[in-house]
Every structure is written in C-alpha cells, then in structure tokens.
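Here's the structure we're looking at; comments come further down.
None of the values given here were measured: they were computed from a predicted structure. Lettering of chains follows the sequences in order, A, B, ..., and the numbering in each one begins at 1.
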Protein chains: 2
Amino acid sequence: MKSKEKLQAAATKLFMEKGYEHTTVQEIASLAGVTERTFFRQFKDKSDVLFDTNNELGQGVSAFITDKFEVEQKPLKLAVEGFVSISEFFEGSRERVLARNQIIQSNPDLQERELLKGQVLIASVTNSLSAKYDSDVSELAARFAVEIFHMAFIKWINSTEKGLAEHLLTVYELYENSFCCVD
Amino acid sequence: MKSKEKLQAAATKLFMEKGYEHTTVQEIASLAGVTERTFFRQFKDKSDVLFDTNNELGQGVSAFITDKFEVEQKPLKLAVEGFVSISEFFEGSRERVLARNQIIQSNPDLQERELLKGQVLIASVTNSLSAKYDSDVSELAARFAVEIFHMAFIKWINSTEKGLAEHLLTVYELYENSFCCVD
DNA sequence: TAAAATAGTGTCACAAACTGACATTTTCAA
DNA sequence: TTGAAAATGTCAGTTTGTGACACTATTTTA
C-alpha cells in the first residue's frame with residue numbers, strides 16, 4: 001500500500017472518530033506511519049486528503065456529451081443525460097459516499113473545497129457542450145445541470161429506495177413541470 | 001473610523017498592491033494601526049476581511065419575493081425579478097466591485113469563500129420562495145436564479161454599457177429561448 | 001551485475017495563521 | 001466623576017504549511 005493511500009485511510013478514520021478540526025496532520029501521519037512532511041508532499045493541504053483531483057465525473061459526463069454530438073437536443077436535457085450516463089458509477093458505493101459527505105458537511109473548510117470542485121465540474125461540462133452550442137448557453141446549461149445533479153445526489157445518498165439515475169430523472173421532471181414555458 | 005473599517009481598507013490596499021498570498025495579517029494590522037490579535041477578533045480568518053457576513057443581497061431578494069406573495073407566477077421568474085429589484089443597489093459601485101472581484105479570482109481560498117457565501121444566498125432565496133411553492137421547487141428555483149444572477153453579474157462588471165438589471169433580463173431570456181418547453 | 005539516475009522520505013528550521021488567558025485602555029452612561 | 005462594559009494590547013503556544021538538504025529505495029541503463 002502506497003503512503004498516499006495509507007494517509008487517506010488514516011485521515012478518513014480519524015476524521016470520523018474525532019472530527020476534522022480535532023484531528024491534526026501530525027496524528028494522521030503517525031497513524032499512516034510516515035512523517036508530517038510526507039503528508040504535505042502528497043496533499044497540498046489538510047482538506048485535500050478527502051478530494052480526488054481527477055475530475056472523473058467531469059470526464060465521464062463530457063465524454064457522453066461529446067459522443068452525442070450529432071443528436072438534435074436541448075442543451076440542458078443533453079447535459080442531464082450525461083449525468084445519468086455515469087450514475088451507475090456510483091451505485092455500489094452509497095454507504096461510503098454518505099460517510100464522506102457527512103464529514104464534509106461537518107466543516108466549512110471542507111464544504112468550500114467541495115464547492116470549488118463543483119466549479120471544475122461545471123467547466124468540464126461547459127466545455128463539452130460548447131462544441132455544439134453557443135458559449136453562454138453552454139455555461140448556463142452546465143450550471144443548471146450540475147445543480148440538478150447536486151439535488152439528485154443529496155436525495156440519493158439519503159435514500160435506499162431509488163437509484164441515482166432515477167433521482168436525476170425525477171428532479172429533471174420537477175424542473176420541466178414547474179419552470180418551463182409561459183407563465 | 002472604527003478599526004474594523006481601517007482593517008478592511010488596509011487589507012484591500014495591500015491585496016491589490018502585492019497580492020493576497022504575499023500579504024500577511026501582521027502587515028494589514030500594522031497598516032491599520034492595530035495588533036494582529038485585533039484583526040482576528042474582527043474577522044474569523046484572513047479571507048474574512050473581504051466578505052460582509054450580512055447577506056444584504058439575500059435579505060433584499062427575499063424581501064421582494066415575500067412582498068409578491070399573492071401574485072401568480074412561475075417560481076424562477078419571480079426569483080429573477082427579486083434579483084432585478086436589488087440590482088440598483090450595485091449601480092454606483094461597478095469599479096469597486098470589479099477590483100474586489102479581481103482579488104477574489106486571483107486566489108483559490110477566496111474563490112472558495114465566495115462560493116460558500118453563494119450557498120447562504122441560495123438558502124435565503126429558497127426560504128422566501130418556500131412560503132409559496134413546494135420545498136424542492138423552491139430550492140431548485142433559488143439555485144437556478146443564483147446561477148442566472150452570477151452570469152449576469154460577471155457580464156456586468158466587465159461592461160460599461162448596460163446595467164446589471166439589463167444583463168439579468170438578457171440572461172433570463174437566453175434561458176427561456178434555449179432551454180424551455182419541448183425539444 | 002554495477003553504476004547511475006530518479007522518486008520518495010526523513011530531518012530540521014522556520015514563517016504565517018490562528019487561539020486562549022489575562023492585563024490595560026477606552027468609552028460612555030448614570 | 002466614576003464605574004461598568006467593550007475594545008484592544010500582550011504574550012505564549014498550537015497548527016498548518018514550506019524550503020533546503022540528506023538519505024534510502026527503486027528503477028534504468030551501460
């Protein structure tokens with residue numbers, strides 16, 4: 001096991017046991033059997049240990065959108081379908097995702113970092129949409145789609161009933177029924 | 001002049017001159033003629049000096065929405081009109097807002113804090129909408145409205161031509177024309 | 001296989017952000 | 001004027017985060 005993974009495991013364990021604020025990097029490093037200095041070489045700061053910088057989500061959604069390049073469709077619908085397409089990626093790991101989410105919600109620093117990660121996601125989706133649509137339209141669709149995903153995601157981690165894909169469609173329908181067309 | 005204001009002025013000046021990261025709290029305090037300790041009594045952390053915690057924006061938008069309680073209207077439209085109603089509040093201060101925005105965009109910590117403030121705004125708007133609409137509908141409308149505001153805001157600080165209210169309406173129309181109704 | 005490049009880690013010293021405890025000053029109303 | 005309350009100063013200490021350099025393990029290449 002690499003030290004990066006050991007640090008991530010140690011950090012998660014300690015954050016759950018005694019809370020994020022009351023866990024020092026020192027302690028995380030000790031539990032992982034390395035030095036504090038090594039922690040900061042693997043992660044840019046304390047909160048970084050909970051976030052993967054890969055943006056796999058954005059990659060996946062973008063790939064789907066790019067793939068459907070030729071299909072005639074409204075941008076928001078397309079983006080939401082992009083999220084639906086990667087929702088199976090989460091299916092096995094609801095428990096783990098829920099635990100991680102609880103840690104994040106317990107601390108403002110972590111919430112902030114999560115939000116910044118959301119911006120990266122928006123940028124990805126915007127970028128893939130803009131091959132087909134106007135740049136402002138793409139950005140707005142990306143932002144709305146991410147909000148829909150966010151809302152569906154919250155519902156999903158708190159429910160054992162329906163899957164993420166179903167929640168996504170439910171929220172999208174809620175949008176269509178409540179917002180669309182003339183008043 | 002209260003020390004809080006002196007600290008804010010000093011911080012803004014230094015952040016513009018030498019950048020956020022290269023300015024220490026020590027320096028800010030010295031320039032303001034107080035102690036580092038006093039800084040941390042006025043602001044919870046270094047970045048806090050750039051953010052007012054009043055949420056005046058949220059208050060204003062919420063007040064408008066609550067006021068239009070009886071009027072029959074789609075939730076997103078109502079929320080956007082709420083933002084339009086407070087847009088004159090900004091009109092005189094484009095230069096200052098632009099400068100502040102440039103500081104924020106120069107540093108991830110500040111971006112994160114700005115995003116967290118956005119969440120507070122969303123909560124306000126959601127709350128005022130939910131007197132009239134279903135809770136999920138209210139949240140979604142609030143989130144979309146804040147995104148529309150955000151986009152209009154960016155356009156506004158970079159243009160001397162149109163006012164914020166006009167940009168808001170333009171973006172809202174962009175939304176209506178591109179997303180609404182059946183495909 | 002031996003030598004050499006390279007990636008990962010340890011050690012140390014230190015800057016900067018932040019906090020708690022207590023002393024001192026300022027303010028302002030009775 | 002005085003006396004309580006609010007703001008500020010002082011100081012010691014913890015925690016986060018970084019630079020510099022030495023050391024070790026792993027991999028590459030001759």
Could you state the [atom1]-[atom2] distance from [X] to [N], rounded to the nearest angstrom?
X	N	atom1	atom2	value
B/L7	D/dG9	CG	C1'	14 Å
A/F43	D/dT18	CZ	C1'	17 Å
A/E5	C/dT9	CD	C1'	17 Å
A/K44	D/dT16	NZ	P	15 Å
A/E36	C/dC12	CD	C1'	12 Å
B/H22	C/dA15	NE2	C1'	13 Å
B/L110	C/dA17	CG	P	13 Å
A/K46	C/dC18	NZ	P	13 Å

Is the gap between the ring centers of B/F144 and B/Y175 under 6.0 Å?
->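 Ring centres of B/Y175 and B/F144 not closer than 6.0 Å.
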
Counting only side-chain nitrogens and oxygens, does [X] get under 4.0 Å of the OP1 or OP2 atom of [N]?
X	N	result
B/Q26	C/dA17	no
B/T38	D/dA7	no
A/T35	C/dG10	yes

When only distance counts, do a donor and an acceptor, one from the side chain of A/R37 and one from the base of D/dG19, lie under 3.5 Å apart?
-> yes

Let's see if you can work this out: which of [options] has an atom nearest to the side-chain heavy atoms of [X]?
X	options	result
B/R41	C/dC22, C/dA17, D/dG17	C/dC22
B/T24	C/dA16, D/dT15, C/dA21	C/dA16
A/F40	C/dC22, D/dT18, D/dA20	D/dT18
B/S3	D/dT8, C/dT19, D/dT15	D/dT8

Would you indicate whether A/E88, at its atom CD, is surrounded by more than 12 heavy atoms from other residues, nucleotides or ligands within a distance under 6.0 Å?
->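 No, not enclosed.
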
Could you check whether B/Q42 gets within reach of a base, just the sugar-phosphate, or nothing at all, counting any heavy atom under 4.0 Å?
->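 Here B/Q42 touches the backbone only, sparing every base.
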
Would you mind classifying the nucleic acid contact of B/S47 as base, sugar-phosphate or nothing, using non-hydrogen atoms under 4.0 angstrom?
-> nothing

Mapping B/K2 and B/T23 onto DNA chain C by nearest heavy atom, which one lands closer to the 5' end?
-> B/T23

Please determine if A/K44 forms a cation-pi arrangement with A/F51, meaning its NZ or CZ atom is less than 6.0 Å from the six-membered ring centre and no more than 45° off the ring axis.
-> no

Option passing side-chain contact (heavy atoms from CB on, under 4.5 Å) with A/F149 (candidates A/V171, A/L57, A/V61) = A/L57

Classify the angle between the aromatic ring planes of A/F43 and A/F39 as parallel (below 30°), tilted (30 to 60°) or perpendicular (above 60°).
->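 Ring orientation, 0 to 90° scale: tilted.
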
